[in-house]
Structures are given as structure tokens and as C-alpha cells.
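Please read the structure below before turning to the comments.
Position 1 is the first residue of the sequence, and the numbers go up from there. The basis for the numbers below is simple: all heavy atoms, side chains too, and nothing from hydrogens, waters or symmetry mates.
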Amino acid sequence: MKDLLKKLSETYGPSGREEKIRKVIAGEIKDFVDEVFTDPLGNLYAVKKGKSTKIMVAAHMDEIGIIVTYIDKDGFLRFSNVGGVSPQILLGQRVTFGNGVVGSIGVEKLDDIKKLTLDKLYIDIGAKNKEEAEKLVKIGDIATYDREAAVMGTRVIGKAMDNRAGCAVVIEALRRLRETENEIYAVFTTQEEVGLRGSRTSSYRINPDLGLAVDVTLVGDTPEPPALNVALGKGAAIKVKDASVICHPKIKAMLSELAAKHKIPVQMEVLTAGGTDAGAIHLTREGVPSGVISIPCRYVHTPVEMVDLDDMENSVKLLTAFLSTSVKMQEAFPCALV
Ligand code: CO
Ligand code: ZN
């Protein structure tokens, strides 16, 4: 698991530019599923055929990044954000483009560091002028944090744990899953970080009976933390609510019961801000009962995101149990005259 996570984390794949990470994930899953395909937006689907309940499990494969908006005469690049990047965290970082070009993030002279905004920052790719810069990078190219993953005991530190940790959990669950009567559609979605876009279209295509997202979540276990119930290393988190979804109480209950039955440590998660793919999935067509398995993660949206391998193992166990459970849709989620 740690080698897989390291590889996924280090692979380039900002929102809308998921070609490389999609190829890596496709290589990891193709021997374990019945069918693998992509769609016009670049979502990657892995299907395990079955005759009963159709379950969509989504893990977004994109990561946050910065996009080149302007190249000045001296060869410095100005940029905008792709997803939730903050200027304070970007300052002093090394970033890398899809073609391997590396740059330093520099800052204009600032009297007050509190006035730091993205437009005060620039990328310096070592070019001597505009002409030289344009040979290396084009307007619209996207850079991500340039960071190797490090393993410290059970903890892994690096960029893009959001959400390559979720991708690794889904990949591992697909490998372990035995025959089930459910039809499983695992989707490695595009463009979650810019507004749950790939999950919206893939969910429409699949038209699932049930939806489940696997993504990281924030923790409340660091010095002077926000008041959050989730802690690193205390198990998989079962989402109750975030800003994008109120998880279906029956899905939440199913996950809790499976955790109790299989003695999987879990924690309940209420996230006050932020969203995930279940936000788009549950609003598909007439509505899809949906839930989320979250992986606790410190320092989300920084190059030093930290997850715990035990939490990931527990998430794999919970996901595998959920995907193998028979659900009688009419009984569990009745639509009837009242
Ligand atoms: Co994110
Ligand atoms: Zn995420």
C-alpha cells in the first residue's frame, strides 16, 4: 500500500490534466476488473460485473495546481489557482509542470506579509527572458507541488494525498473483492478540486442505485486544532455531512454496522466546510442514496499532507465489506405512495 500511495502521490495530475495519473491507475487495476474505460471528460471507470445492485464508488484522481496566465518580458510567469491553493503555502515552494519543467515560487517586495495574495507571486523557471520561457511553458500550462512522498512509520507525507490516498484505497479494494452479486463501478474522477465536475457526468452515465465517495477529510488532532472529531490513526471516518452532501442515514448506518461486525475502527465525521464527489452523485437524476468513507489527513492542500497507513487499511476493509453487501433496494430505499 505504501509503495502504491507513494507512486500515485508523486504522479502529475492537476484538475483537467489527469492523463498521466489516469494511465498509472489504469495499469494498477486492469487485471482485477472485468472492464476499464474512459469518457469524454477523462473519468476512468473500472467495472466488476454483477446482476444485482449497481454501486458507484468514486475517488477523485485530480490534484490542486496553479495555471500560467501571463509571461512577462523577463520570463517570469504569473498564475491563477486550479482549486484551493493558498498564497501563504505556495511561497517558497518548488513546482513542476507536466513536461518536467521545474520552477521556484517567488514574491514581489511586500511591506506586510498579511497582504500576500496570489497575484503578488510568480513562478521563476530559470528563463532569461520571455522567449526562453515560452520554449518551456505555454499560457494555460498547469504546475503542481514538486514533492517526493516520505514514509515515517505508519505515516506518509507528501503532496496530493488528497486524493491519491482515496485512489489507493479503491484500487486495493478492487484487488481484494471476491465475487459479489453487486455490479461495481469504481470511478477515478476528474476535476473534483474545481467543483465535483467529473463525478457529476460519470454518475449520470452510470445511473447507480447507490453512491459512495472515498476522499480525505480534515482532522482536529494537531496543536490548537479546529473542533473536529476526526483524528489521524483512529480509523476510517464515516461522513455524516459536509458542505456538499448530507449522507443518507441508511448508508451511514450500513457503514457503521459493517464496521462493528468486522471490528474495523471508525470515527464519525462532520465537516463544516468543503465537499466531495458524493455531493454531485447524490443529486444525479432522481437522487442516489450516497455516503462517504473519509481518510483522515493533516495539512490538506499543502505539499506536506499526512495520512496514516492503518487508516487506509481500515478504509479498504470497510469499503470491501460495503461493496460485498447485498442490498434489497426496494426494501431499504422504498419509493411508495403514503
Ligand atoms: Co482537495
Ligand atoms: Zn479531495
Requested in this report: With sequence neighbours left out, write down each residue that passes salt bridge (Lys or Arg N to Asp or Glu O under 4.0 Å) with E192, or none if nothing qualifies.
Outcome: none

Query raised in the report: Does one side chain, of Q191 or H60, offer a donor that lies under 3.5 Å from an acceptor on the other?
Result: no

Query raised in the report: Is there a donor-acceptor pair closer than 3.5 Å between any side-chain N or O of D162 and the backbone N or O of H301?
Result: no

Query raised in the report: Would you say the side chains of D277 and T189 form a donor-acceptor pair under 3.5 Å?
Result: yes

For a quick test of your reading: what N or O donor-acceptor pairs under 3.5 Å do the side chains of residues 287-295 make, sequence neighbours left out?
from	atom 1	to	atom 2	distance (Å)
S290	OG	V288	O	2.8
S294	OG	E269	OE1	2.6

Query raised in the report: Of L77, I142, T144, which meets side-chain contact (heavy atoms from CB on, under 4.5 Å) against F97?
Result: L77

Requested in this report: Not counting sequence neighbours, list each pair that qualifies as a side chain to side chain donor-acceptor pair (under 3.5 Å) and has a residue in residues 84-98.
Outcome: Q93-R147, R94-D146

Query - Side chains of H262 and K317 in contact at under 4.5 Å (non-hydrogen atoms) - result: no

Requested in this report: Using ring-ring contact (aromatic ring centres under 6.0 Å, His included) as the criterion, list what pairs up with H248, not counting sequence neighbours.
Outcome: F333

Query - Test item: R164 and I21 side chains (from C-beta on) under 4.5 Å apart, heavy atoms - result: yes

Query raised in the report: K263: what forms a salt bridge (Lys or Arg N to Asp or Glu O under 4.0 Å) with it, not counting sequence neighbours?
Result: none

Query raised in the report: Does R22 make a cation-pi contact with F188, if we ask for NZ or CZ under 6.0 Å from the ring centre and within 45° of the axis?
Result: no

Requested in this report: Using side-chain contact (heavy atoms from CB on, under 4.5 Å) as the criterion, list what pairs up with V24, not counting sequence neighbours.
Outcome: K7, L8, T11

Report task. Mind running salt bridge (charged side-chain N to carboxylate O under 4.0 Å, His left out) on K48 and E35 for me, showing each step along the way? Result -> CA-CA 7 Å; K48 276 200 176 238; E35 199 172 67; over 6 Å; no

Query raised in the report: Side-chain heavy atoms under 4.5 angstrom apart, residues restricted to Ile, Leu, Val, Met, Phe, Trp, Tyr: same cluster for Y45 and I184?
Result: no

**Report entry** R176 to F32 six-membered ring, cation-pi geometry met (6.0 Å, 45°)
**Finding:** no

Report task. State, with a plain yes or no, whether a side-chain heavy atom of R205 is found less than 4.5 Å away from one of D39. Result -> yes

Query raised in the report: Tell me the side chain to side chain donor-acceptor pair (under 3.5 Å) pairs involving residues 218-235, sequence neighbours left out?
Result: D221-R298

Query raised in the report: Looking at residues at least two apart in the chain, or sitting in another chain, which of them share a salt bridge (Lys or Arg N to Asp or Glu O under 4.0 Å) with K120?
Result: none

Query raised in the report: Do S104 and D124 get their side chains close enough for a donor-acceptor pair, meaning under 3.5 Å?
Result: no

**Report entry** Partners passing side chain to side chain donor-acceptor pair (under 3.5 Å) against D242 (at least two apart in sequence or in another chain)
**Finding:** K239, S244

Requested in this report: I would like to know whether S326 and E181 meet side-chain hydrogen bond (donor to acceptor under 3.5 Å, both in side chains); could you show each step before the answer?
Outcome: CA-CA 7 Å; S326 304; E181 55 185 27; 2.8 Å; yes

Query - Contacts of type side chain to side chain donor-acceptor pair (under 3.5 Å), residue N314, not counting sequence neighbours - result: none

**Report entry** Summary of side chain to side chain donor-acceptor pair (under 3.5 Å) pairs that have at least one residue in residues 127-143, sequence neighbours excluded
**Finding:** none

Query - Closest non-hydrogen atom pair, R197 against L41 - result: O-CD1, 4.4 Å

Query raised in the report: side chain to side chain contact (heavy atoms under 4.5 Å, CB included) between K241 and L271: does it pass, once the steps are laid out?
Result: CA-CA 6 Å; K241 177 193 180 294; L271 192 60; over 6 Å; no

Query raised in the report: With E19, which residues qualify under salt bridge (Lys or Arg N to Asp or Glu O under 4.0 Å), at least two apart?
Result: R17

Query - Identified salt bridge (charged side-chain N to carboxylate O under 4.0 Å, His left out) counterpart of K159 within the set E10, E148, E63, E305 - result: E63

